[in-house]
Amino acid sequence: MPSNKAIERKDQMPGLAIRLTNGRSLPIEFVTRLKHGSNNDAIQRLHSGRSREIEFAHLPSGTLIDLVRDSSGELVFAVFQDGATSLQREVHYEDFKFITPHVDSGLTRAVRFPTAVGSSHTARQLLLEIEEVFHLYADCDLSDRKLLAHFALYSWIADLLPVALYMWVVGPYGYGKTTLLQIMSAICRRSILAGDISLASLYRVTTEYHPTLLLDELEAGKDSRSRHLLRLLRAGSTMGQKVLRASKAYDLFGPKIVASRLGTGDAALESRGFYVVARPLSKNVLGLTPSSLESIAEQLQPKLAAFRLNNYARLKSVSGSFTLRAGSS
């Protein structure tokens with residue numbers, strides 16, 4: 001059996017790796033090399049039962065693994081391979097068993113996951129469908145409808161880019177900010193709409209699932225909670241930047257939508273995103289009910305999940321050439 005030092009050297013050698021979310025990877029070259037050694041029984045004992053909690057992975061074989069809810073409401077894997085998708089409770093690859101994250105069920109229920117993977121649609125088709133939803137349920141200028149639609153679609157591939165974009169929805173009380181956030185929560189990838197949530201829970205669920213975080217009525221103040229939330233926003237815009245709390249490292253990277261009356265008052269932070277000015281709802285729009293929100297989600301989430309799975313590998317191959325300038329139109 002090779003020494004631990006030998007294994008560490010092989011682990012550090014460049015080679016095949018399982019791509020996880022946000023650029024992280026799980027090296028497997030040393031596993032492959034050891035399997036060709038003479039002490040195969042010892043190797044099997046070393047790796048037997050090895051499991052890894054994941055929320056997304058792009059395997060070297062090209063297979064994609066993502067999370068969806070099954071008919072019982074439990075999280076399972078949508079495994080996309082050779083253009084077809086199957087649902088599995090666990091995925092075996094090489095000597096590893098991939099399992100869904102173990103997160104408090106209350107936190108998990110707060111995150112919206114697609115309940116199926118639908119048929120493939122083009123980006124243009126999806127953008128038009130999303131724009132139509134905002135036309136029906138919110139008073140928005142055409143330019144704002146397009147911006148909201150593009151941001152919603154972007155949220156499904158946000159982990160391919162090194163910078164997470166933010167959206168600021170501003171306006172007085174009664175101007176439909178919450179309505180816009182509710183609609184976006186039905187469309188964006190892994191959305192979690194938070195009006196009041198403990199910071200510890202927020203850090204945990206963001207790290208485990210990398211959701212699209214929507215914060216309603218965030219008014220910047222001088223209290224400790226406001227300061228912590230602003231730190232969360234600053235740390236969450238750059239891939240790889242961690243927040244350390246009580247000997248734990250949290251990864252807060254991901255797109256975020258913040259509704260407030262006046263913004264955060266932090267010019268550097270607000271320059272990382274785009275503005276939408278909310279307008280009072282008129283009688284010309286449909287009332288947004290819980291059932292209509294679920295209908296929007298059931299209509300669009302499976303299509304958006306299919307868009308991600310069908311286009312992820314192709315977009316990943318060109319994502320290095322993307323240049324994003326938050327705050328520009």
Side-chain angles (χ1 to χ4, degrees), residues 1-70 74-105 107-108 111 113-114 117 157 159-160 189-190 204-211 239-240 242 248-251 253-254 305 308-310 312-313 315-317 319:
M1 182 69 184
S3 67
N4 289 337
K5 186 175 293 185
I7 292 177
E8 290 173 2
R9 286 199 301 268
K10 293 177 183 297
D11 193 8
Q12 293 165 0
M13 294 178 64
L16 201 58
I18 298 171
R19 175 181 166 81
L20 303 178
T21 187
N22 293 344
R24 294 178 292 175
S25 62
L26 178 64
I28 63 172
E29 183 181 46
F30 78 98
V31 176
T32 304
R33 288 174 178 264
L34 285 174
K35 286 175 68 176
H36 294 296
S38 58
N39 199 345
N40 205 45
D41 290 339
I43 294 165
Q44 290 300 324
R45 288 196 301 271
L46 175 67
H47 295 291
S48 61
R50 176 173 292 190
S51 62
R52 176 90 176 214
E53 293 182 17
I54 64 166
E55 47 84 22
F56 173 77
H58 186 191
L59 302 182
S61 62
T63 299
L64 293 166
I65 306 173
D66 215 339
L67 290 173
V68 298
R69 290 195 192 277
D70 64 10
E74 297 296 319
L75 289 183
V76 297
F77 290 124
V79 181
F80 181 77
Q81 186 175 26
D82 299 327
T85 305
S86 62
L87 301 186
Q88 301 179 29
R89 295 200 173 275
E90 57 186 42
V91 177
H92 295 265
Y93 186 82
E94 293 287 336
D95 294 301
F96 293 91
K97 177 175 69 175
F98 296 129
I99 59 176
T100 59
H102 291 161
V103 181
D104 178 81
S105 59
L107 289 177
T108 299
V111 183
F113 291 91
V117 177
I157 56 168
D159 56 324
L160 284 169
R189 181 175 186 252
R190 298 185 184 177
R204 176 77 190 280
V205 74
T206 303
T207 298
E208 293 293 343
Y209 291 132
H210 302 284
M239 182 180 289
K242 302 293 192 296
K248 293 184 179 180
Y250 295 96
D251 184 356
F253 179 80
R308 172 179 170 83
L309 294 175
N310 278 280
Y312 189 91
L315 292 174
K316 176 187 171 185
S317 68
S319 60

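Values below: all heavy atoms of this structure, side chains included; hydrogens, waters and symmetry mates excluded.
Between V117 and F80, the closest side-chain pair of non-hydrogen atoms is not below 4.5 Å. A heavy-atom distance below 4.5 Å is found between the side chains of V76 and V68. Side-chain contact between L59 and F98 is present, with at least one heavy-atom pair separated by less than 4.5 Å. V91 is not listed as a side-chain neighbour of F96, based on a closest heavy-atom distance of 4.5 Å or more. Counting heavy atoms from C-beta outward, Y209 and L67 have side chains that approach closer than 4.5 Å.
Smallest separation of non-hydrogen atoms from S51 and I99: OG-CD1, 4.2 Å. Listed here is the closest heavy atom pair of L75 and T100: O-CG2, 3.8 Å. Of all heavy-atom pairs between H102 and R204, the closest is O-NH2, 2.9 Å. Between Y93 and P60, the closest heavy-atom pair is OH-CD, 3.7 Å.
Each of D251, D159, V111 was compared with H210 under the side-chain contact (heavy atoms from CB on, under 4.5 Å) criterion, and only D251 meets it.
Atom CD1 of I65 is separated from atom CZ of F56 by 9.0 Å, given to the nearest 0.5 angstrom. Distance check, rounded to the nearest 0.5 Å: CD of Q81 to OG1 of T63 gives 3.5 Å.
The side chain to side chain contact (heavy atoms under 4.5 Å, CB included) check on D104 picks up L107, with sequence neighbours excluded.
Residue pairs meeting the salt bridge (Lys or Arg N to Asp or Glu O under 4.0 Å) criterion with at least one partner in residues 60-69, sequence neighbours excluded, are D66-R189, D66-R190, D66-R308.
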Next on the checklist: Would R89 and D70 count as a side chain to side chain contact (heavy atoms under 4.5 Å, CB included) here? Give the steps.
Outcome noted: CA-CA 10 Å; R89 295 200 173 275; D70 64 10; 2.7 Å; yes
